[in-house]
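Everything on this sheet refers to the single structure shown next.
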Amino acid sequence: MTDQLTGEPDAQQPRPHPHASAEEVDAAWNDPKLANVLYHDWEAASYDDKWSISYDQRCIDYAVSRFRAVAGDTGRPYPTALELGSGTGFFLLNLMQGGVIERGSVTDLSPGMVEAALANADRLGLDVDGRVGDAERIPYPDDSVDLVVGHAVLHHIPDVRAAMREVLRVLRPGGRFVFAGDPTRIGDFYARRLGRATWWLTTNLTRLPALRDWRRPQRELDESSRAAALEAVVDLHTFDPTELERTALAAGAVDVRASTDEFTAALFGWPVRTFEAAVPPGKLGWDWAMFAYRTWQRLSRFDERVLARVLPRELFYNVSVTGVKPDRPVRLRG
């Protein structure tokens, strides 16, 4: 595959890790970047199913609406865009299908995720290249893209300010970044507790003889628990929206704005996702999937149209932030 920005063939990339061993998990407790590689390589093949990610109209509409909510419609379509910490390509690929972006690049610390994102792009017929790389040292040239995007990535990066400076380096003057889907400090507090309670309740109730058909094999539950241990290492930050704005400003961005979304939708969504992960795949069926999606959709609208008018933005689960690279260099803040 040829790189979009340099015209050169992609360099040989590291191969993804298999499922992490107990020894690797132990080592990763003191190395968050190793933990990110192990966890996301581990999750790459099943990540889209785990988080109900798709590349149909449902997720196209979601990605475009999240982008528009924080960045508006100015600048569309962007000729080139880079997704930082791309995972399987959810945000970039759906924004491309939604007409926000023409050509794309993906980068992630996990070789498995880059491989999955490029496979998804190829299946969708989208013009995308990719590189394995560190968000604190983005492997693309200065002033090379019009837009940098990311979804649920900032909370995985050890030095968010360093990553923001790198984002501004690779953006062309006047280019924009949009990061969405990271946890707020308060939102993470209640979401994690709801998820843990749901996992405990489901895995214990399905020990009952009458519910054995709803229990995943113990080997799969053990693997999920090991993955959850790594997840605790890779989730490094939660954010206050005002502090996140200050971080972007301190890195040199201008026209910075943060917004939040999902309150009742998160209170519903986290137990539902956890329950779905705790029972055998396919057990719940299409009717359940439509019930869960439509209920989440209605609650998201309620949050946006009603609660966003009356509740402090810090109470919502997701935070998004956007900013622009100035046409002229600015003096960085402390």
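In what follows, every heavy atom counts, from backbone to side chain, and hydrogens, waters and symmetry copies are set aside. Because the structure is a prediction, the values reported are computed rather than measured.
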Considering only heavy atoms from C-beta outward, does the side chain of V145 approach that of L171 to under 4.5 Å?
-> yes
Trace of the ring-ring contact (aromatic ring centres under 6.0 Å, His included) decision for F275 with W288 = CA-CA 12 Å; F275 174 65; W288 167 269; 5.7 Å; yes
May I ask you to decide if G87's main-chain N or O and D108's side chain share a donor-acceptor pair within less than 3.5 Å?
-> yes
With a 4.0 Å cut-off, would you call D222 and R219 a salt bridge?
-> no
Looking only at atom types and distance, does a side-chain atom of T107 sit under 3.5 Å from a main-chain N or O of R131, one as donor and one as acceptor?
-> yes
Are E276 and R273 close enough for a salt bridge, meaning some N to O gap below 4.0 Å?
-> no
What pair of heavy atoms forms the shortest contact from T260 to P241, and how long is it?
-> CG2-CG, 3.7 Å
For F239 and H155, what are the C-alpha separation, side-chain angles and deciding distance, and is it a ring-ring contact (aromatic ring centres under 6.0 Å, His included)?
-> CA-CA 8 Å; F239 298 98; H155 68 289; 7.4 Å; no
Does the side chain of N94 pick up a donor-acceptor pair with the side chain of Y55 at under 3.5 Å?
-> no
Can you tell if the side chain of L154 reaches within under 4.5 Å of the side chain of M164, non-hydrogen atoms only?
-> yes
Is any side-chain heavy atom of H237 less than 4.5 Å from a side-chain heavy atom of H156?
-> no
Any donor-acceptor pair under 3.5 Å linking the side chain of R169 with the backbone of D143?
-> no
Using the six-membered ring of W199, assess whether NZ or CZ of R196 lies under 6.0 Å from its centre and within 45 degrees of the ring axis.
-> no
Could you tell me whether the side chain of K325 and the main chain of P173 form a donor-acceptor pair under 3.5 Å?
-> no
Flag side-chain contact, heavy atom, 4.5 Å: V170 against V148 = yes
Distance in Å, N318 CG paired with H151 NE2, rounded so as to fall on 0.5 Å steps | 6.5 Å
Are any of the side-chain nitrogens in D240 or R185 under 4.0 Å away from the carboxylate oxygens of its partner?
-> no
Indicate if L236 and M113 have the same hydrophobic cluster label, given that clusters are the connected sets of ILVMFWY residues with side-chain heavy-atom separations under 4.5 angstrom.
-> no
Counting only N and O atoms by type, is there a donor-acceptor contact under 3.5 Å from the side chain of D188 to the main-chain atoms of T238?
-> no
Pair R216-T206, side-chain donor/acceptor within less than 3.5 Å | no
Path from L221 to W214 over hydrophobic side-chain contacts below 4.5 Å | no
Without swapping roles, check the side chain of R193 against the backbone of F189 for a donor-acceptor pair under 3.5 Å.
-> yes
D235 with R192: basic N within carboxylate O range, under 4.0 Å | yes
R176 side chain vs A71 backbone, donor-acceptor pair below 3.5 Å = no
For the residue pair P271 and L194, what are the closest heavy atoms and their distance?
-> CG-CB, 4.0 Å
To the nearest 0.5 Å, what is the distance between OG (S320) and CG (D182)?
-> 8.0 Å
Verify whether one side chain among R246 and T242 offers a donor that lies under 3.5 Å from an acceptor in the other.
-> no
side-chain contact (heavy atoms from CB on, under 4.5 Å) between D129 and Y140: does it pass, once the steps are laid out?
-> CA-CA 11 Å; D129 68 79; Y140 285 88; 2.9 Å; yes
Give, for atom OH of Y62 and atom OG of S54, the distance between the pair rounded to the nearest 0.5 Å.
-> 12.0 Å
Should V149 and L84 be marked as a side-chain contact (heavy atoms from CB on, under 4.5 Å) after you check the CA-CA gap, both sets of side-chain angles, and the distance that decides it?
-> CA-CA 6 Å; V149 298; L84 194 67; over 6 Å; no
Determine yes or no for a side-chain-to-main-chain donor-acceptor pair under 3.5 angstrom, with R309 supplying the side chain and R305 the backbone.
-> yes
Would you check, one step at a time, whether the test side-chain contact (heavy atoms from CB on, under 4.5 Å) holds for T184 with F316?
-> CA-CA 7 Å; T184 63; F316 291 79; 5.5 Å; no
Do T80 and R172 meet the criterion of a side-chain donor-acceptor pair at a distance under 3.5 Å?
-> yes
In the single-linkage hydrophobic clustering (I, L, V, M, F, W, Y; side-chain heavy atoms under 4.5 Å), do L208 and V279 co-cluster?
-> yes
Spell out, as yes or no, whether a donor-acceptor pair under 3.5 Å connects the side chain of R161 to the backbone of A250.
-> no
Which atom names give the shortest non-hydrogen contact between L118 and G130, and what distance separates them?
-> CD2-N, 3.7 Å
Would you call E136 and K33 a salt bridge, taking side-chain N to carboxylate O under 4.0 Å as the test?
-> yes
Between CD of E83 and CZ of F179, what distance do you get to the nearest 0.5 Å?
-> 9.5 Å
Within a strict 4.5 Å, meaning less than it, do heavy atoms of the T202 and T274 side chains meet?
-> no
Passes ring-ring contact (aromatic ring centres under 6.0 Å, His included), F291 versus W296? Steps please.
-> CA-CA 8 Å; F291 156 75; W296 172 86; over 10 Å; no
Minimal non-hydrogen separation, V64 against G98, with atom names = CG2-CA, 4.0 Å
Hey, are R313 and E245 close enough for a salt bridge, meaning a charged N less than 4.0 Å from a carboxylate O?
-> yes
Between V319 and A258, the two heavy atoms sitting closest are CG2-CB, 4.3 Å
Determine the minimum heavy-atom distance between A308 and E304, stating which atoms define it.
-> CB-O, 3.5 Å
Any donor-acceptor pair under 3.5 Å linking the side chain of N204 with the backbone of W200?
-> yes
Y317 side chain to D303 side chain, donor-acceptor N/O pair below 3.5 angstrom | no
Please assess V106 against L82 for the test side-chain contact (heavy atoms from CB on, under 4.5 Å), listing each intermediate value before the final yes or no.
-> CA-CA 6 Å; V106 294; L82 167 69; over 6 Å; no
Atom OG in S105, atom CG in L147: separation rounded to 0.5 Å?
-> 11.0 Å
Flag the pair V256 / T322 as yes when at least one side-chain heavy-atom distance between them is below 4.5 Å, and no otherwise.
-> no
Mind checking whether P281 and K283 have side chains closer than 4.5 Å, heavy atoms only?
-> no
Reported CG-to-OG1 distance for the pair N120 and T88, which is rounded to 0.5 angstrom = 5.5 Å
Which word best sums up how the rings of Y190 and F263 line up, parallel for under 30°, tilted for 30 to 60°, or perpendicular for over 60°?
-> perpendicular
